[in-house]
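This chain uses plain numbering: 1 for the first residue, then up along the sequence.
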Amino acid sequence: MKMPCSGEISNSISDASQTHFCIARASSLSGGDSNQAWHIEGMDGGQYFVKLNSADRAAMFAAECNGLAALTATCTVRVPRVISHGVADGHAFLVLEYLALHSCGDSRQLGTQLAALHRVHGRQYGWDRDNTLGLTLQRNSWTGDWVTFWREQRLGFQLDLAARNGYGGTLQKLGQQLLQRLPDLLAGHHPAPSMLHGDLWGGNYGFVENGVPVLFDPASYYGDREADLAMTELFGGFDQAFYAAYQAAYPLDAGYARRKTLYNLYHILNHCNMVSASYVAQAEGIMRRLLAEIS
C-alpha cells in the first residue's frame, strides 16, 4: 500500500527542515481510530510520523498543531514536535517527530508533570480556537463562568448533536433536566482555568526509551483540571503510582468523586455521537445517578 501524496509530504519536510528529504520507506501503522497513520523513513535515515485524513479535515490538524505548540510552551510535559502540515491531492496531512514509544515507563513522572501542566492557568475557560475530540467538533468559546461553559460548550453541544443524530426521547429529557441542575451539581466549586490535555485516555500517552512520558493527540483548552483526571479513570490505563504522584503534587478538591462522573458524561455522549448508539443507555444511566444525588 502506497502512502498518498508522498511527494508533497517530502517537500513539506524539506521546506520545514531546510534539508532535502526524500521518502525511502513508508509503513502503515495500526491503531489510529480517526486518521491514517504512517511511519516514514528518508534516504538519509531521518524518521517521521505522518497522519492523513481527507482534505476537509485540515482545520483539525491545524488545531492539533496549535495544541501541541501550547503544551510545548509550558515546559511541563513532552509532546511530539510538529514538523509541518498541509493539504495535497485531496488529503490533509500532519507530520510529527517520530518517537518509538513503549507502554512502560516512569508513571510517577507522568503524574507529576500533568500536575505541573494543570498549574498553568488562564484567565477564562475555553481556548483561542475550536478543535476536535476524536472527529467531533469541540467548541471552545471563551467563557468566564465554569457552569456556563460546561453547560453550553460541552454537555449542551453534545446533546444537540445527539438530537440531530436521532437520539431523542429519554436521553434528551434527562439531559435537559441535568443541564438545569448543573449549578447544584457544581455548587461551591470554582476551579481555576487550568491548561488541559483534553483527551487524556490511555491511548494518548506513552514512554520513550529512557522512561520519559510523552503526551499526544491533544484536544486542549483551559478548564477544570478534574476533567483531565476524570477521563484517565474512564477507560483505565493509568496506574496507582500516577495518581499518587499527581495527588502529592496537586491534591484534588473535595467532591471530585461526583464531578468526575459529570465530566466523563461528556465523553460518553461523544461516543454516542461518534461511535454508536450502544453508549446511549450508559449516558442515560449516568444522568439518572447524577440527578438522584441532588434530588
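- Hydrophobic cluster membership is shared by Ile286 and Leu185, with clusters built from Ile, Leu, Val, Met, Phe, Trp and Tyr side chains linked at under 4.5 angstrom.
- A distance-only check finds no donor-acceptor pair linking the side chain of Glu226 to the backbone of Lys260 [under 3.5 Å].
- For Ser84 (side chain) and Ala16 (main-chain N/O), no donor-acceptor pair under 3.5 Å exists by modelled atom type.
- Hydrophobic clustering (ILVMFWY, side-chain heavy atoms < 4.5 Å, transitive): Phe216 and Leu234 are in distinct clusters.
- Of the possible donor and acceptor atoms, one in the side chain of Gln153 sits under 3.5 Å from a partner among the backbone N and O of Ser141.
- Between Leu135 and Met274, the closest heavy-atom pair is N-SD, 3.2 Å.
- A continuous path of hydrophobic side-chain contacts links Leu252 to Val120 [ILVMFWY only; heavy atoms under 4.5 Å].
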Side chain to side chain donor-acceptor pair (under 3.5 Å) evaluation trace for Gln138 with Tyr266: CA-CA 11 Å; Gln138 179 168 263; Tyr266 172 59; 2.8 Å; yes
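- Nearest heavy atom pair, residue Leu133 against residue Ala219, reads CD1-CB, 4.2 Å.
- Note on Ile83: it does not cluster hydrophobically with Val87, by side-chain heavy-atom contacts below 4.5 Å among ILVMFWY residues.
- The closest donor-acceptor contact from the side chain of Asn140 to the backbone of Arg129 lies under 3.5 Å.
- Side-chain atoms of Asp106 and Val212, non-hydrogen and from C-beta on, never get closer than 4.5 Å to each other.
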Intermediate values then yes/no, ring-ring contact (aromatic ring centres under 6.0 Å, His included), Trp127 and Tyr222: CA-CA 6 Å; Trp127 197 245; Tyr222 287 97; 5.4 Å; yes
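- Taken from CG in Leu262 to CD in Glu293, the straight-line distance is 10.0 Å, to the nearest 0.5 Å.
- With sequence neighbours excluded, the residues satisfying salt bridge (Lys or Arg N to Asp or Glu O under 4.0 Å) with Asp130 are Arg139.
- Under the 4.5 Å side-chain heavy-atom criterion for grouping Ile, Leu, Val, Met, Phe, Trp and Tyr, Val214 is not connected to Met195 through any hydrophobic cluster.
- For Arg289, there are no salt bridge (Lys or Arg N to Asp or Glu O under 4.0 Å) partners, not counting sequence neighbours.
- With hydrogens and angles disregarded, a donor-acceptor distance shorter than 3.5 Å links the side chain of Asn264 to the backbone of Ala230.
- By the 4.5 Å heavy-atom criterion applied to side chains, Glu152 and Leu179 are not counted as neighbours.
- Annotation: ring pair (Phe, Tyr, Trp, His ring centres under 6.0 Å) contacts involving residues 169-197, sequence neighbours excluded, are absent.
- Within the 4.5 Å cutoff, the side chain of Met60 has no heavy atoms near those of the Leu137 side chain.
- No side-chain donor from either of Tyr250 and Thr112 sits under 3.5 Å from a side-chain acceptor of the other.
- The distance from atom CG of Leu265 to atom CG of Asn270, rounded to the nearest 0.5 Å, is 11.0 Å.
- In this structure, Asn273 contributes its side chain and Leu269 its backbone to a donor-acceptor pair below 3.5 Å.
- Judged by the 6.0 Å and 45° rule, Arg154 forms no cation-pi pair with Phe149.
- Here the CG-NE2 distance, from Asn53 to His91, works out to 8.5 Å after rounding to the nearest 0.5 Å.
- Looking at Thr143, its side chain never comes within 3.5 Å of a backbone N or O of Asp145 through a donor-acceptor pair.
- Remark: aromatic rings of Phe235 and His267 are distant, center separation not under 6.0 Å.
- Every pair passing salt bridge (Lys or Arg N to Asp or Glu O under 4.0 Å) that includes a residue from residues 195-220 is listed here, sequence neighbours excluded: Lys51-Asp217.
- Under the 4.5 Å side-chain criterion, counting only non-hydrogen atoms from C-beta, Ile40 is not in contact with Tyr98.
- Under the 30°/60° scheme for interplanar angles, the aromatic rings of Phe242 and Tyr246 are found to be tilted.
- A donor-acceptor pair under 3.5 Å is absent between the side-chain atoms of Ser194 and the main chain of Leu196, judged by distance alone.
- The shortest distance between side-chain heavy atoms of Leu96 and Arg81 does not fall below 4.5 Å.
- Of all heavy-atom pairs spanning Tyr205 and Leu215, the tightest one is CB-CD2, 3.6 Å.
- Counted by atom type alone, Asn66 and Asn131 present zero donor-acceptor pairs between their side chains at under 3.5 Å.
- Aromatic ring centres of Trp150 and Tyr263 lie closer together than 6.0 Å.
- Between Asp44 and Phe21, some side-chain heavy-atom pair lies under the 4.5 Å cut-off.
- The side-chain heavy atoms of Leu99 and Phe49, taken from C-beta on, include no pair separated by under 4.5 Å.
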task: For salt bridge (Lys or Arg N to Asp or Glu O under 4.0 Å), just list the numbers for Arg225 and Asp228, CA-CA rounded to whole Å, side-chain angles, deciding distance to a tenth of an Å, and then say yes or no.
output: CA-CA 6 Å; Arg225 64 194 177 101; Asp228 258 358; over 6 Å; no
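- Sparse packing is recorded around CZ of Arg25, with 12 or fewer heavy atoms of other residues, nucleotides or ligands lying under 6.0 Å away.
- Judged purely by distance below 3.5 Å, without hydrogens or angles, the side chains of His39 and Tyr48 never pair a donor atom with an acceptor atom.
- With hydrogens and angles disregarded, no donor-acceptor distance shorter than 3.5 Å links the side chain of Glu8 to the backbone of Asp89.
- Counting heavy atoms from C-beta on, the side chains of Val208 and His102 never come closer than 4.5 Å.
- Of the possible polar contacts, none joining the Asp224 side chain to the Ala192 backbone as a donor-acceptor pair under 3.5 Å is found.
- Remark: Glu97 pairs with Arg78 by the salt bridge (Lys or Arg N to Asp or Glu O under 4.0 Å) rule, at least two apart or across chains.
- Applying the side chain to side chain contact (heavy atoms under 4.5 Å, CB included) criterion to Arg123, with sequence neighbours excluded, gives no partner residue.
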